Amino acid sequence: QVQLVESGGGLVQAGGSLTLACGASGRAAETYTVAWFRQAPGKEREFVATIRWSGIYKDYSDSVKGRFTISKDNVKNMVYLQMNSLKPDDTAVYFCAADPYGPGRRGVGSYDYWGQGTQVTVSS
């Protein structure tokens, strides 16, 4: 079992930055792949970024590539999402999800454990 808790969301102006954090417990961080997803009102949950359990492989959606950076601290059991140059379209609830020893897929169904989410609102 893995328990995930997101933090760091908030209100920011367009062009600003936020760093989301995902704290994990219940399993050693180096044994699971973590992804960030987001869900805007009335829309499906969509993939944002993932980092493989080894920390070597990373993948980003086209909409955030070059603006967002995912990183992993296995000592602290934390995964971060640094978000720069934020746009109003980035407004959503952001979720972190874990897949034990997963390859780093983009599908919602590939992840077994989910946090409760943190709200990110970007004003224009």
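In this chain, residues are counted from 1 in sequence order. What you are looking at is a predicted structure, and each value in this text was computed from that prediction instead of being measured.
Ion pairing of Asp90 with Lys87 is absent here, as no side-chain N (NZ or NE/NH1/NH2) approaches a carboxylate O to less than 4.0 Å.
Between the side chain of Thr118 and the main chain of Ser7, no donor-acceptor pair closer than 3.5 Å is present. Under the 3.5 Å distance criterion, the side-chain polar atoms of Arg45 are left unmatched by any main-chain donor or acceptor of Arg38. Judged purely by atom type and a 3.5 angstrom limit, Lys58 uses its side chain to pair as donor or acceptor with the backbone of Ile70. Gln39 contributes no side-chain N or O that, together with a main-chain N or O of Tyr94, makes up a donor-acceptor pair within less than 3.5 Å.
Atom SG of Cys22 sits about 12.5 Å away from atom CG of Asp73, to the nearest 0.5 Å. In this structure, OH in Tyr60 is found 7.5 Å from CG in Leu81, a value given to the nearest 0.5 Å. Between Cys96 atom SG and Tyr80 atom OH the span is 12.0 Å, to the nearest 0.5 Å. Distance check, rounded to the nearest 0.5 Å: NZ of Lys72 to CE of Met78 gives 12.0 Å.
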**Item:** side chain to side chain contact (heavy atoms under 4.5 Å, CB included) between Gln116 and Val5, worked out
**Value:** CA-CA 7 Å; Gln116 293 300 307; Val5 179; over 6 Å; no
**Request:** Carefully, step by step, assess Trp36 and Val64 under the rule side chain to side chain contact (heavy atoms under 4.5 Å, CB included).
**Result:** CA-CA 11 Å; Trp36 286 95; Val64 307; over 6 Å; no
**Prompt:** Could you walk me through whether Trp53 and Thr31 pass the side chain to side chain contact (heavy atoms under 4.5 Å, CB included) check?
**Reply:** CA-CA 5 Å; Trp53 58 273; Thr31 66; 5.9 Å; no
**Request:** Check the pair Tyr113, Gln3 against side chain to side chain contact (heavy atoms under 4.5 Å, CB included), reporting the backbone distance first and the verdict last.
**Result:** CA-CA 7 Å; Tyr113 305 100; Gln3 292 78 43; over 6 Å; no
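The hydrophobic cluster containing Val108 does not contain Leu4, counting ILVMFWY residues as joined when their side-chain heavy atoms lie under 4.5 angstrom apart, directly or transitively. Both Val122 and Phe68 are members of a single hydrophobic cluster when ILVMFWY side chains are connected at heavy-atom separations under 4.5 Å. Cluster membership for Val48 and Tyr32, using ILVMFWY side-chain heavy atoms within less than 4.5 angstrom, is shared.
Ala98 and Val2 get closest at one heavy-atom pair: CB-CG1, 4.3 Å. The shortest non-hydrogen separation linking Asp112 to Pro100 is OD2-CD, 3.5 Å.
Within the structure, the side-chain hydrogen bond (donor to acceptor under 3.5 Å, both in side chains) test picks out the following pairs touching residues 95-106 (sequence neighbours left out): Asp59-Arg106.
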Listing, residues 8-19 side-chain donor-acceptor contacts under 3.5 Å, not counting sequence neighbours, or none:
residue, atom, partner, partner atom, Å
Ser17, OG, Asn84, OD1, 2.9
Thr19, OG1, Gln82, OE1, 2.4

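For the residue pair Tyr111 / Thr50, a side-chain donor-acceptor distance below 3.5 Å is found, with atom types taken as modelled.
With sequence neighbours left out, Tyr57 forms a ring-ring contact (aromatic ring centres under 6.0 Å, His included) with no residue at all.
Within the 4.5 Å cutoff, the side chain of Leu20 has heavy atoms near those of the Val120 side chain.
In this structure, the ring of Trp114 has its center less than 6.0 angstrom from the ring center of Phe37.
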